[in-house]
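A quick write-up on the structure given underneath.
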2 protein chains.
Amino acid sequence: MKPTIYDVAEAAEVSIATVSKVINGTGRISEKTRKHVLQVMEDLKYKPSMVASALTGKSTYTIGLTLPDLANPFFAEIARAVEDRGHEYGFNLFICSTDNDPEREIKYFSLLMQKRVDGIIIASRTQKDQYVKGLIQQQIPIAMIAREMPTLAVDTVMVDDFLGGYQAGSHLLELGHRRIAILAEDMNEMSTRERIRGCRQAMLNAQVEPDEALIAVGGFTVDSGKEAAGRLLEAEDRPTAVFACNDVLAIGANQAARRCGLRVPRDLSIIGFDNTVLATIMDPPLTTIAQPIQEIGRQVVDLLVQEIKGEKALKQRVLLMPQLVERSSCGPCR
Amino acid sequence: MKPTIYDVAEAAEVSIATVSKVINGTGRISEKTRKHVLQVMEDLKYKPSMVASALTGKSTYTIGLTLPDLANPFFAEIARAVEDRGHEYGFNLFICSTDNDPEREIKYFSLLMQKRVDGIIIASRTQKDQYVKGLIQQQIPIAMIAREMPTLAVDTVMVDDFLGGYQAGSHLLELGHRRIAILAEDMNEMSTRERIRGCRQAMLNAQVEPDEALIAVGGFTVDSGKEAAGRLLEAEDRPTAVFACNDVLAIGANQAARRCGLRVPRDLSIIGFDNTVLATIMDPPLTTIAQPIQEIGRQVVDLLVQEIKGEKALKQRVLLMPQLVERSSCGPCR
DNA sequence: CTGAAAGCGCTAACAC
DNA sequence: GTGTTAGCGCTTTCAG
């Protein structure tokens, strides 16, 4: 059996209270017995059980992260950032891929509650406010990484999608492009709509009239982007640039361009969104609007931890700025 | 406060023992009280605390997964596969990215032990057998996803690297290639060496003499692959095909080829290893040796769960076969 | 069929 | 400084 605090106490010839005190550094104990107890703990390879201490009211030092799919590079990078920041605070991370399936999400929420996690970070998308509301009522600290403005008062970190779209549009405009196509991800999502709105705003400001026909809807796969972009590029009076709402779609667009015999960026400029590892892998390297993934992870954990420690009365939303990262997929319009 | 079993018992006017029984489906209770208790539980939104039940000797239904880096697509896909299979058994997953840092790994191991996980899956690489041995002595169920044959008796699932290298080499040979270069990942790793050995065996079988000068060492980044491949391609008497020991390196090789004005697969064939999402994203899509990621996750979890349930006395190693996935990056030698 | 009671390993008053 | 003791929320005999 694993050694318990009793075993340590017995071997060290002290009471369990004393052992507990040296473990937690609470109370007052002589340096002598402290060292002695420490020594015995080591000899016995004793590791205090966090499940027992959690039961006595202390926290579990565990947080849950729900996201659509860990195998998606964007979310994997988010998860890594959350893991690292959590680790700094001594928290372990439960990973919960929901596949945007509400049932799976609910099941995970329920499990996380039963395991008494100290808090939950929600980066999954299907969040029907309803369930989240339920969690909040159960007093569990929550923070969200959002693409939509939730209708709930929850600590949230989000990226300014409108600005991102604006930056993308402006960059293309500055390069002289006028016929700018947009590859949308999911028109039902606020973030997609905001990015598009931002891009169009930039066009409007530059006196260029957005063309409805230049919007195509892709999805989350390279192929969907390739196909959608293909339609755009085969049309007469084709665009000279395309703004893809995520890097995956941008890669699809790049493939479509190549299939059409168009060279990037000579014949077609492509700009993406997210700045995942995929952007560096594309050929040519993808110019894209970067989401500050590290910072998102950092801030969302900070918000949650403050919430957990009860250091914060008010909820807040942090709006992070996206940033243009120039690589080689955009060039002047010819 | 969260409702406890006492609250439920009180509201249902039964004893906590009865409530416990209906929760676990143990003992014998009349259908009538069972339904009643269930109803009360629902009304109170009561969720049994797994930390309390874990303390009474039941398991935590939690497993830990240590890996080098969650942001690496290969490991993210592994993690997802492990998560899914674990989920089927009712297990939650703690993610532990070690960055191949022994200190970080040890710290994570220690935390996992304190949290009383039911088992640990080790996919990280720095495993000095020493620490793993320590874990084994502490009776914790362990399963490994290995690239090397560990010197310990541990349940392990591994992929036949030699065969994979052989398949890659054979494929290239069948296409008529004779000057085949190899982009290695890390010569210190057995897996890299085995893949290379496999490839050379194929060459030997085909009566072609491997050329030492045609081996270059890259690493884990696209750029390192690009650079290493660049050296190979710029040499006179350049290779007509390259076998990259992982998909990332293959992408680097592809970029190098393009920079040298070589068209893939017309002027140069490239074959990778892993079959991560990157393979589909490359342009042209990468022909590669697939690691059966889903199957790896499935089997390693199955081994661990059997171990946890004590259904298995003997340790075992499962050797999975890699598989050639043909896409468009390889063509006949001209 | 149901309940009383003894732990599980640890923390936190409160004594001494 | 150190020890005693009463829980934390749940499971599990063992009576009734």
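Note that this is a predicted model, so its numbers are computed, not measured. Each chain gets a letter, A, B and so on, in the order its sequence line appears, and its residues count up from 1.
- Taking the screw axis at each terminus of the helix from dC1(C)-dG16(D) to dC16(C)-dG1(D) from five consecutive base pairs, the angle between the two is 40° to within rounding of 10 degrees.
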Got a list of side-chain donor-acceptor pairs under 3.5 Å for residues 135-144 of chain A, not counting sequence neighbours?
none

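- Within the structure, every pair that satisfies the salt bridge (charged side-chain N to carboxylate O under 4.0 Å, His left out) test and touches residues 50-69 of chain B, not counting sequence neighbours, is listed here: R80(A)-D69(B).
- D101(A) meets the side chain to side chain donor-acceptor pair (under 3.5 Å) test with no other residue; sequence neighbours excluded.
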Nucleotides 9-16 of chain D: protein proximity per nucleotide (B base, S sugar-phosphate only, - neither; heavy atom, under 4.0 Å) | BBBB----

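- A straight line from CZ of R34(A) to P of dT2(D) spans 12 Å, rounded to a whole angstrom.
- On the nucleic acid side, DNA chain C has its first and last nucleotide under 4.0 Å of a heavy atom of chain A at dG9(C) to dA12(C), going 5' to 3'.
- Residues satisfying the salt bridge (Lys or Arg N to Asp or Glu O under 4.0 Å) criterion with E295(A), sequence neighbours excluded, are R298(A).
- Qualifying salt bridge (Lys or Arg N to Asp or Glu O under 4.0 Å) partners for D155(A), counting only residues two or more places apart in sequence or in other chains: K312(A).
- Every side chain to side chain donor-acceptor pair (under 3.5 Å) that S191(B) has, sequence neighbours left out, goes to R147(B), E189(B).
- Applying the salt bridge (charged side-chain N to carboxylate O under 4.0 Å, His left out) test to pairs two or more places apart or on separate chains, those with a residue in residues 27-36 of chain A are E31(A)-R34(A).
- Interatomic distance, CG of D118(B) versus CD1 of I308(B), reported as 5.0 Å (0.5 Å rounding).
- Residues forming a side chain to side chain donor-acceptor pair (under 3.5 Å) with R104(B) (at least two apart in sequence, or on another chain): D84(A).
- With sequence neighbours left out, Q291(B) forms a side chain to side chain donor-acceptor pair (under 3.5 Å) with D274(B).
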